[in-house]
Amino acid sequence: MLRKIVTKIIHDAIEDARNSGLVPPDIKPNFIIEIPREEGFGDYSTNIAFTLAPVLKKKPVDIAGMLAGLMKKSTSCNSIEVAGSGFINFSLKDELWQQLLADVHRKGTESLYPDVGGGKKVLIEFVSANPTGPLHIGHGRGAAVGDVLANILQKTGHFVQKEYYINDAGRQIKTLGRSTFLRFKELTGDAVEYEKDLYQGDYVRELAGRAIEEKLPVPADPEEAVSFLAQFASRAIMDGIEKDLGDFGVFFDNFFLESTLYASGIVDETLRILKQQGIAYENDGALWFKTSLFEKDEDRVLIKSDGENTYFTSDIAYHLDKFKRSFDMLVDIWGSDHHGYIPRLRASVQALGRNKEDLKFLLIQFVTLIKEGKPVGMSTRSGEFTTLREVLDEVGRDACRFFFLMRKSDAHLEFDLDLARKTSNENPVYYIQYAHARIESIFRNAADAGVDLEAIAGADCSLLVLKEELELIKWITRYHGVLEGSSRNLEPHRIAFYLIELVGRFHSYYNKTRVLGTDIELTRCRLLLLGALRGVIRDGLGLIGVSIPERM
RNA sequence: GCGCCCGUAGCUCAGCUGGAUAGAGCAACGGACUUCUAAUCCGUAGGCCGUAAGUUCGAAUCUUACCGGGCGCGCCA
């Protein structure tokens, strides 16, 4: 948050150096300011001397010394030091941090939200599982990542919509209809041969059973019965999916049906555009898309020689539709097994005249469930066989969501069910929630002791002089940068890691320092500190979608 | 065969788009509850960042080649 002060100091120093002829007038500074890993290196640090070294043909240390010399006149720093082989380290005055804390407390956690998007409209499409079976654990991970990413983007200056796409026009739904139909016949006493490529799950038999129980008017004609049962089954499964998602805390703004693409004529329009531009061409009786024009990938078929569209065609149309709904940026969240599909879709948005940066992909790697130290199921892809519902019922929503957010989305996730269920110090969810409960408890005790909680807003923050207190302040305000990085890079997991780090500082402080004491002024400002901290913890947990207990 | 992702402490993982002596948590060991919640804290130990070159002031991070694991490469959906 105070980075801009450092930025100005550096720019001023360069300006001074130019004026006094120490550097050429046309020099253009190129540098970064970072928070050093080591606390001893100050609050911020810059590498400017290294980037200037080749230009000025001098040693970095000397350049750093020269610039630091010009900076000494600054009033916002305790120290500006040259360290290592040429870093310039800045230590800002404590009062700046104390003042910033007071600001954050007064204006609320929102004042720490960075504006990354500038009002940009973003559509995040995720889960998008076909209603042919219940959501498995991999879908759950995608749901958590998508939902939290949406929250993050929303808070950082984007207008966000969440969408679930359903392939209701394809063969999978027909297969579901046939599966249900055969189970239906089975249950009504007919001998049937259940083919291998039909859906094997028990839920199909249950659905068929329900159709019988509820005395649904299943048509006598087999073909009609299949499509009737396809309708019934997919609707019922979709209801179940929405229920699972709801219980998981994930809600969509829109469910988009593939069939509407055909009804609205946008598929035809897509093909027309592609043909007009010569990006679609005929060969062997099929219509092809010239992927190779945009990406390192082979050309792909749009219309098969039997006249049927491929899924690729409706996917292009779908993305055209998204852009037509005036979204500036699209985010597609897919299972990583679909990564091979990315080049052609990326090519297609370029064919439609958009920048390739307008479509971003997030890949969700497989989840391996671990129980008693061993992977659940026969395969490492056990996630395929365990439903979200089962895990949700077993470990609860909080642990489930948090665990999904504890890894980069494109990295394999080992989900330790025993750990997630533990209400102990090994479980990071409780570690964070416990910090909040402790703070709440302190506030309750303060109120009981007659401390005027309204008055803490005016507390004198200059009393917060302990090393731990200043570090806590810095970590609280760092929320700004974490949100920014998380938003810019589309990496929700950063929030989870930040929260663990943040409350770690708090727990440590708590064990060492008493907040409520006889010195009322000191008590007030420490409560102010905890108030701001509580705000960030709540905000962060809210972002992840984990509950915020007042007591534990 | 080609392409994408991953390889960091015994285990699970971070590492802020190239920075300083590579960090957490768990497991191991040793400590701290008559004091705001011990679901916590403090300390010790643990490393050739898969391997080998390259790029430069500087590489876990970028390039290339190998090794090992995962996943994709259809006029399938």
Side-chain angles (χ1 to χ4, degrees), chain A residues 32 34-38 40-41 45-47 49-51 53-54 59-61 83-87 89 130 132 167 170-172 175 283-288 296-298 300-308 310-312 335-343 363 365-366 370 373 380-381 406-408 410-416 419 422-431 433-435 437-446 448-449 478 481-482 484-486 488-489 491 493-494 496-498 500-501 503-504 506-517 523 526 530 551-552:
Chain A
I32 59 162
E34 61 179 1
I35 300 173
R37 203 194 315 273
E38 293 277 328
F41 292 147
S45 146
T46 184
N47 66 343
F50 293 103
T51 63
K59 289 206 296 204
V61 199
S85 47
F87 291 97
N89 295 334
N130 281 343
T132 55
N167 288 123
R171 192 145 75 192
Q172 288 191 34
T175 305
N283 190 27
D284 288 342
L287 190 70
W288 294 73
K296 227 178 104 186
D297 191 31
E298 285 161 36
R300 306 289 172 174
V301 168
L302 293 163
I303 304 178
K304 297 184 270 180
S305 50
D306 66 2
E308 290 240 4
T310 60
Y311 261 57
F312 183 35
S336 64
D337 52 335
H338 291 97
H339 69 260
Y341 203 72
I342 290 177
L363 294 177
Q365 268 284 10
F366 288 114
I370 306 285
T380 50
R381 291 174 56 177
M406 281 204 315
R407 300 279 176 273
K408 271 186 302 197
D410 59 356
H412 261 283
L413 169 63
E414 293 214 356
F415 193 125
D416 189 330
L419 177 61
K422 265 189 205 163
T423 57
S424 79
N425 54 351
E426 298 155 55
N427 191 330
V429 190
Y430 292 97
Y431 187 70
Q433 290 178 323
Y434 186 53
R438 271 184 154 175
I439 294 170
E440 286 290 70
S441 170
I442 292 174
F443 273 94
R444 280 194 299 271
N445 291 334
D448 288 349
R478 203 178 279 191
V482 171
E484 182 176 352
S486 187
R488 223 178 269 291
N489 298 294
E491 290 180 348
H493 73 280
R494 294 193 192 197
F497 281 95
Y498 164 73
I500 293 172
E501 291 276 340
V503 306
F506 163 73
H507 283 307
S508 187
Y509 174 62
Y510 178 94
N511 268 276
K512 205 171 163 187
T513 317
R514 237 193 115 75
V515 174
L516 304 177
T523 297
R526 284 183 173 162
L530 294 199
R551 289 187 164 82
M552 287 174 75

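Since the structure is predicted, the reported quantities are computational estimates derived from the model, not experimental observations. Residue numbers start from 1 in every chain, and the chains themselves are labelled A, B, ... in the order their sequence lines are given, proteins ahead of strands.
Spacing between atom OH of A/Y431 and atom P of B/A24 amounts to 12 Å, rounded to whole angstrom units. Following rounding to the nearest Å, A/N427 (CG) and B/A24 (C1') show an atom-to-atom distance of 16 Å. Here B/A38 presents its C1' atom at 6 Å from OH of A/Y434, a figure rounded to the nearest Å. Atom CD1 in A/I342 sits about 9 Å away from atom P in B/C5, given to the nearest Å. As rounded to whole Å, 10 Å separates atom C1' of B/C57 from atom CZ of A/F87. The interatomic distance linking A/Q365 (CD) with B/C5 (P) rounds to 11 Å, in whole Å. The separation between A/R444 atom CZ and B/U37 atom P is 8 Å, rounded to whole Å. Regarding A/I442, its CD1 atom lies at a distance of 5 Å from the C1' atom of B/C36, rounded to whole Å.
Residue contacts shown for A/T46 are absent, as no nucleic acid heavy atom lies under 4.0 Å away. A/D297 comes within contact range of no nucleotide atom at all, as no heavy-atom separation falls under 4.0 Å. Nucleic acid contact for A/R514: base, since at least one base atom lies under 4.0 Å from a heavy atom of the residue. Contact annotation for A/A83: base contact, defined as any heavy-atom pair under 4.0 Å involving a base atom. Residue A/Y341 is in base contact, counting any heavy-atom pair closer than 4.0 Å across all strands shown. As judged by a 4.0 angstrom heavy-atom cut-off over every strand, A/H339 is placed among the base-contacting residues. Contacts of A/D410 with the nucleic acid, taken as non-hydrogen atoms under 4.0 Å apart, involve only primed sugar atoms and P, OP1 or OP2. Base engagement by A/S45 is indicated by at least one non-hydrogen atom pair under 4.0 Å involving a base atom. Within the 4.0 angstrom heavy-atom criterion, no nucleotide atom of any strand lies near A/S85. If you check every strand for non-hydrogen atoms under 4.0 Å, A/D448 touches nothing. The residue A/A437 sits close to a base: some heavy atom pair falls under 4.0 Å.
Side-chain contact between A/T310 and A/R300 is absent, with no heavy atoms from C-beta onward closer than 4.5 Å. In this structure the side chain of A/N167 never reaches within 4.5 angstrom of the side chain of A/Q172, judged on heavy atoms. A/I442 is not listed as a side-chain neighbour of A/R526, based on a closest heavy-atom distance of 4.5 Å or more. In this structure the side chain of A/R444 reaches within 4.5 angstrom of the side chain of A/R551, judged on heavy atoms. For the pair A/F506/A/L530, a side-chain contact is recorded, criterion being any heavy-atom separation below 4.5 Å from C-beta on. In this structure the side chain of A/D337 reaches within 4.5 angstrom of the side chain of A/F366, judged on heavy atoms.
We find the CG-CD1 distance between A/N47 and A/I32 to be 4.5 Å, quoted to the nearest 0.5 Å.
When A/H412, A/R407, A/K408 are each tested for a side chain to side chain contact (heavy atoms under 4.5 Å, CB included) with A/Q365, only one passes: A/H412.
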Distances under 3.5 Å between nitrogen or oxygen atoms of protein and nucleotides 43-51 of chain B:
none

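Base orientation at B/C33 is syn, since its O4'-C1' glycosidic dihedral falls within 90° of 0. In textbook terms, a nucleotide whose glycosidic angle is within 90° of 0 is syn, and B/U17 is one such case.
Taking the P atoms as reference points, B/U63 lies 43 Å from B/C29, given to the whole Å. Across B/C49 and B/G7, the matching P atoms stand 14 Å from one another, rounded to whole Å. Going from the P atom of B/G50 to that of B/A14 covers 14 Å, rounded to whole Å. For the C1' atoms, the distance from B/U8 to B/G23 is 10 Å, rounded to whole Å. If you take atom P in B/C13 and the same atom in B/U55, they sit 35 Å apart, rounded to whole Å. Taking atom C1' on both B/C6 and B/G69, the two are 8 Å apart, rounded to the nearest angstrom. Going from the C1' atom of B/G25 to that of B/G18 covers 28 Å, rounded to whole Å. The same atom, P, is picked in B/C66 and in B/A22; the two are 31 Å apart, to the nearest Å.
The shortest heavy-atom contact between A/W288 and A/N283 is NE1-O, 3.1 Å. Taking both residues in full, the closest heavy atoms of A/Y311 and A/Y341 are given as C-OH, 3.9 Å, listed atom of the first, atom of the second, then distance.
Below 30°, between 30° and 60°, or above 60°: for A/H507 and A/Y434 the angle between ring planes is below 30°, a parallel geometry.
Each of A/Y509 and A/H338 was assigned the nucleotide of RNA chain B with the nearest heavy atom; the assignment lying further toward the 5' end belongs to A/Y509. Of the two residues contacting RNA chain B, namely A/V515 and A/H507, the nearest-nucleotide position lying further toward the 5' end is that of A/V515.
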Intra- and inter-strand pairs of RNA chain B in dot-bracket (Watson-Crick or G-U wobble, both distances under 3.5 Å; | for another strand): (((((.(..((((.....[...)))).(((((.......))))).....(((((..]....)))))).)))))....
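Within a 6.0 Å radius of NZ in A/K304, more than 12 heavy atoms belonging to other residues, nucleotides or ligands are found.
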Contact state string [nucleotides 9-17 of chain B, B base, S sugar-phosphate only, - no protein heavy atom under 4.0 Å]: ---SSSSBB
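Listed nucleotides: B/C75, B/A20, B/A39. Nearest to the side chain of A/S305: B/C75.
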